[in-house]
*Asks:* 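Below are the structure tokens for one structure; questions will follow.
In listed order, ligands and their atoms are each counted from 1.
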Amino acid sequence: MSTAYTKEKKVGEGTYAVVYLGKQIATGRNIAIKEIKTGAFKDGLDMSAIREMKYLQELKHQNIIELVDVFADKEKNLNLILEFLPSDLEMIINDKKLMIVPADIKSWMLMTLRGLHHCHRNGILHRDLKPNNLLISPEGYVKIADFGLARSLGMPNEKLTSNVVTRWYRGPELLFGAQHYSPAVDIWAVGIIFAELMLRTPYLPGKDDADQLVVTFQALGTPTEEKWPGVSHLPNYNNLTVYPEPSRQELRNRFPAATESALDLMCGMLALNPNNRLDTEACLLHGYFKELPEPTEPENLPKKS
Ligand code: ADP
């Protein structure tokens, strides 16, 4: 442990990490100490993970969580000192007392895409975006957490909590075990989160990895060589039941509150072939963000009481 911070109490436990509330002694401000167990790393704690974290520290952006410091302690655990943000989008989605209107969804999407754009422009992928990685500041700003971390972590062999690794936000290329993936994996996750915000319930909740493929393709159609050249050569591609792509009318019925441009944007993010998915820039320039309603100002967004 560094002498620059105090560790006060445990506030949470995730798949790879234990999180504590602490204080930065020099300033007195609250910080979160995220202690990642050495065992969580695929090949021990490698320096490249630390270098990447250090690089992320420089990547300051309004919609990315501030990484105040990073160091390895004497037990060789990686300690991330982060701004303390006690709320996240999952808590908001699950709080059925909160009313969410289309302008709120637009605001959360805009902030998420702006943060993501900044990272992608700097060559960093997230790879594990989900509503509980979208933290919310007291002023209502979305702050993407855990950027670049997923790359260094292996699949957990022993779960720290009852938390399971979320596969619901994983694009088809990840499900097929593609070795080389692109920023499009993050766009897929944001598309799924967009759908979840509209439905107020997870869009594609697979029960296990195999079921995730079935659920995904039942909802969006099965990728074929024709639509996605090379797909049948990916590692986990087996003979799949071919489900048709949903019609536009089917999508309208599934998302009754969505406008036509909201549906267009969602479809652009959820293209099965990652090469056909919109990138962050195309998403940010999309007509959905130009039409009314205007996005809710962050301070007026619904928040946990
Ligand atoms: P998960 O594996 O669920 O993504 P994490 O390991 O990221 O969880 O974090 C575990 C818990 O710690 C979170 O659910 C949250 O309650 C808390 N937490 C994580 N980061 C912060 C932070 N920056 N500020 C405050 N609380 C946090």
*Asks:* Only one of Val18, Leu67, Leu80 forms a side-chain contact (heavy atoms from CB on, under 4.5 Å) with Lys34, so which one is it?
*Replies:* Leu80
*Asks:* With no hydrogens and no angle check, do the side chains of Thr259 and Glu291 hold a donor and an acceptor under 3.5 Å apart?
*Replies:* yes
*Asks:* Please confirm whether Leu85 comes within less than 3.5 Å of ligand 1 when only nitrogen or oxygen atoms on both sides are compared.
*Replies:*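 Indeed, backbone or side chain, Leu85 has an N or O that close.
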*Asks:* Any nitrogen or oxygen of Glu13 lying under 3.5 Å from a nitrogen or oxygen in ligand 1? Just yes or no.
*Replies:* no
*Asks:* Kindly indicate whether the side chain of Phe176, heavy atoms from C-beta on, has any atom under 4.5 Å from the side chain of Pro223.
*Replies:*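 Phe176 vs Pro223: side chains touch.
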*Asks:* With heavy-atom distances below 4.0 Å as the criterion, list the atoms of ligand 1 near Asp146.
*Replies:* 7 (O)
*Asks:* I'd like to know if the side chain of Asn273 reaches the main chain of Asn275, judged simply by a donor and an acceptor atom lying under 3.5 Å from each other, with no hydrogens or angles considered.
*Replies:* yes
*Asks:* Is the distance between the ring centroids of Phe194 and Phe255 less than 6.0 Å?
*Replies:*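 Not close enough - the centres of the two rings lie 6.0 Å or further apart.
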*Asks:* Could you name the option among Leu80, Asn132, Val19 that has the heavy atom nearest to atom 27 (C) of ligand 1?
*Replies:* Val19
*Asks:* Counting heavy atoms only, which part of Leu135 comes closer than 4.0 Å to ligand 1: side chain, backbone, both or neither?
*Replies:*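 Looking at Leu135 and ligand 1, just side chain atoms fall under 4.0 Å.
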*Asks:* Mark up the atoms of ligand 1 that fall under 4.0 Å of a heavy atom belonging to Phe84, in ascending order.
*Replies:*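 Per the distance check, 24 (N), 25 (C).
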*Asks:* Just which atoms of ligand 1 are under 4.0 Å from any heavy atom in Ala32?
*Replies:*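 With Ala32 as reference, the close atoms of ligand 1 come out as 22 (C), 23 (N), 24 (N).
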*Asks:* Between Tyr243 and Phe217, does the ring centroid distance fall short of 6.0 Å?
*Replies:*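 No, the ring of Tyr243 stays outside the 6.0 Å limit from the ring of Phe217, centre to centre.
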*Asks:* Quick one: does Ile65 get within less than 4.0 Å of ligand 1, heavy atoms only?
*Replies:*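 Distance cut 4.0 Å: Ile65 passes for ligand 1.
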*Asks:* Any N or O of Glu83 that comes nearer than 3.5 Å to an N or O of ligand 1?
*Replies:* yes
*Asks:* Going by distance alone, is a donor N or O of one side chain under 3.5 Å from an acceptor N or O of the other, for Asp186 and His120?
*Replies:*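 Yes.
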